[in-house]
Amino acid sequence: MPIPRFRVWRAWRGIGVCGAVLLALCVERVLAFAWSGTRSRPSTPTRVAPRLAARVARGAGLSVHSNLDLNIEVPDTDLETSVPLLAAALALFFGLRQLKGLIDGPEEFQLQPGSLQGRRVLITGGSAGLGFETAMRLLEAGAEVLITARAAGQARAEAALDAELGEATELRRRVQVLPLDLSEPSSVQHCAALCQQLLCGNCLDVVLCNAGVMAIPQRSASSYDGAEMQLAVNHLGHFALVGQLLPLLSQQHARVICVSSLAHRLGHPPRLLQELELGPSDALRYNAWDAYSDSKLANVIFAKELDRRFRAQGWPASAVALHPGLCATDLAKYVISGRDEPLEVTYASYAAPVQALLQAARGLLRPLERGANSHVFLAAGADGGLERSGGEYFEDMKPAETHAEAADPLVGDRLWEASERLTGVHYDLGPIRKRDRGSRS
């Protein structure tokens, strides 16, 4: 039975449409009367009998009178002024509606119940947001799911699963929560060991590297030889985890999925490689958005390089990357509050009107149901199979353009070697054959 979920974003969308129409009308009226106030008007309005009349004098574009002793007159000049303003307001409204459609992306991608029976998936950062939504959809389709969460999020993840699935249902038994802090090498190693125990000799079909952080205000050194924290969590922790899970990947079909971002196109490979190979430079001031873009670029490069190495050794596996869209998740917590806390906690600290504005702004973003589309699409192998589309980068469930240097094998080699050195994790894929620069990236 499909799992019922409230589509809150639809309610926000309806409220937003009504609000936009009312705002447009209010603005139009204020501007119209402000404009008409500069024109000459009769010193006293024309009085007529207390009954409804449509037009009472030349120069009155619209005049409505009633037995309530109301006398409302709008001269022709006001109506002439109102037409272009109203047209502009309508154009703005429909323009915003189109923009919202682009942000929302395609309709929710549906899987057939039971279509993923027997498939096993690990999702990092699965306690909330896109990771949790993806886990629910894969469970509905029959998969067994392992989700990871930091210690602070484990209890919340368990409670959310119980609330969504019930405490003793068949679906609840097919999902488990594992502790994982991607910034700590010892935690990554412990998580990989737990996976091996829980799988009891079975294989993983999909590793979905979904967890991430964005725009940490101050530079923070990680346990990976002092590498910047965003790069550590978004790339190095996942690099170490996938390397240690490599023996558990299915030898029949497997896939590694890296959740990147459109922001990866703003990444700068020389700056990224300097951070990985040499550490921070005194000549470069820390910029939170540069660091984020570079970490997301590392996700794309890693996926392409891992896929090249899979193919070089004949593995029936693929590695892909994706951009989920501008989604309503807690990823922006550092941007909103500058603190590592859920946005619902941040919102609660503001006055009610500010909370309403923040929630309304959140409603303009892509809803989770659509943001998880590419996650679900690729985890299900809906692009033709888990061994297909190797090295591709997806947006809205379709291959998309990446950074111009993301597919450069030399950049991939350097990122790989530096990542192995910083994490201490070496991939047992065997020797790599000589590469053809014209091969599929």
Side-chain angles (χ1 to χ4, degrees), residues 3-16 19 100 103-105 108 123-137 139 145 147-167 172 175 177-183 208 210-218 220 229-230 233-234 259 261 263 288-289 292 324-373 375-376:
I3 302 172
R5 288 195 290 279
F6 293 107
R7 306 308 189 202
V8 178
W9 70 272
R10 289 176 181 165
W12 275 112
R13 188 173 181 177
I15 293 171
K100 176 59 176 167
I103 292 174
D104 281 353
E108 181 178 336
I123 304 173
T124 66
S127 61
L130 294 173
F132 189 84
E133 172 67 21
T134 301
M136 295 301 99
R137 304 246 290 268
L139 280 168
V145 180
I147 63 177
T148 74
R150 291 186 301 166
Q154 271 189 274
R156 183 172 68 160
E158 296 283 4
L161 288 170
D162 290 343
E164 188 80 11
L165 306 175
E167 296 185 16
R172 183 65 180 89
V175 58
V177 183
L178 307 180
L180 174 64
D181 183 344
L182 287 163
S183 68
L208 178 49
N210 169 76
V213 293
M214 181 176 75
I216 298 177
Q218 288 83 35
S220 177
M229 187 61 72
Q230 292 186 77
V233 173
N234 296 348
V259 178
S261 166
W289 290 106
Y292 176 69
L326 301 174
C327 299
T329 72
D330 277 357
L331 186 63
K333 59 189 176 184
Y334 285 108
V335 180
I336 302 297
S337 69
R339 298 186 298 274
D340 184 11
E341 65 181 18
L343 285 179
E344 60 189 29
V345 176
T346 302
Y347 291 169
S349 66
Y350 293 111
V354 178
Q355 290 186 42
L357 286 173
L358 290 171
Q359 291 290 1
R362 189 179 176 97
L364 296 175
L365 302 177
R366 179 174 291 191
L368 295 179
E369 292 83 0
R370 298 192 184 195
N373 272 347
H375 292 61
V376 176

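Only heavy atoms go into these numbers, but all of them, side chains included; no hydrogens, no water, no symmetry mates. Since the model is a prediction, treat every value here as computed from it, not as a measurement.
Of all heavy-atom pairs between Pro179 and Gln154, the closest is CB-OE1, 3.4 Å. The heavy-atom pair separating Ile336 from Tyr350 by the smallest distance is O-OH, 4.2 Å. The two residues Leu182 and Ala211 come nearest to each other via the heavy atoms CD1-CB, 3.7 Å. Nearest approach of Gly126 to Ile147, heavy atoms of both residues: O-CD1, 3.4 Å. The two atoms that bring Leu365 and Cys327 nearest to each other are CD1-O, 3.7 Å, heavy atoms only. For the pair Arg156 and Ser127, the tightest heavy-atom approach, listed with the atom from each and the gap, is NH2-OG, 4.2 Å.
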Open item on the list: Between Phe132 and Thr329, does the side chain to side chain contact (heavy atoms under 4.5 Å, CB included) criterion hold? Intermediate values first, please.
Closed with: CA-CA 11 Å; Phe132 189 84; Thr329 72; over 6 Å; no
Open item on the list: As a quick check of understanding, evaluate side chain to side chain contact (heavy atoms under 4.5 Å, CB included) for Leu130 and Asn210, giving each step before the final call.
Closed with: CA-CA 8 Å; Leu130 294 173; Asn210 169 76; 4.1 Å; yes
Task: Derivation and outcome, side chain to side chain contact (heavy atoms under 4.5 Å, CB included), residues Leu139 and Leu165 - done: CA-CA 10 Å; Leu139 280 168; Leu165 306 175; 3.9 Å; yes
- [ ] Starting from the C-alpha separation in whole Å, work towards a yes-or-no answer on side chain to side chain contact (heavy atoms under 4.5 Å, CB included) for Ile216 and Val213.
- [x] CA-CA 7 Å; Ile216 298 177; Val213 293; 4.0 Å; yes
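Looking at Gln230, its side chain does come within 3.5 Å of a backbone N or O of Ala215 through a donor-acceptor pair. In this structure a side-chain-to-backbone donor-acceptor pair under 3.5 Å is missing from Thr134 to Val376. The backbone N or O of Asp104 sits less than 3.5 Å from a side-chain atom of Arg366, completing a donor-acceptor pair. Checking side-chain atoms of Thr148 against main-chain N and O of Leu178 turns up no donor-acceptor pair under 3.5 Å. Judged by distance alone, the side chain of Glu133 and the main-chain N or O of Ala372 form no donor-acceptor pair under 3.5 Å. Ser349 places a side-chain N or O within donor-acceptor distance of the main-chain N or O of Thr346, the cut-off being under 3.5 Å. A distance-only check finds no donor-acceptor pair linking the side chain of Asp181 to the backbone of Arg150 [under 3.5 Å].
A salt bridge links Glu108 with Arg137; the closest basic N to acidic carboxylate O contact falls under 4.0 Å. A salt bridge links Glu158 with Arg172: at least one charged nitrogen is closer than 4.0 Å to a carboxylate oxygen.
Two residues are said to be in side-chain contact when any heavy atoms from C-beta on lie closer than 4.5 Å; Lys333 and Pro342 fail this criterion. Looking only at side-chain heavy atoms (C-beta outward), Leu343 and Arg362 come within less than 4.5 Å of each other. Using a 4.5 Å heavy-atom threshold, the side chains of Thr124 and Leu180 count as touching. Side-chain contact check for Leu161 versus Met136: some heavy-atom pair is nearer than 4.5 Å. With a 4.5 Å cut-off on side-chain heavy atoms, Leu364 and Ile103 do not count as touching.
Expressed to the nearest 0.5 Å, how far CD of Glu344 lies from CD of Gln359 amounts to 9.5 Å. To the nearest 0.5 angstrom, Tyr347 atom OH is 9.5 Å from Ser337 atom OG.
For Arg339, the salt bridge (charged side-chain N to carboxylate O under 4.0 Å, His left out) partners are Glu341, not counting sequence neighbours.
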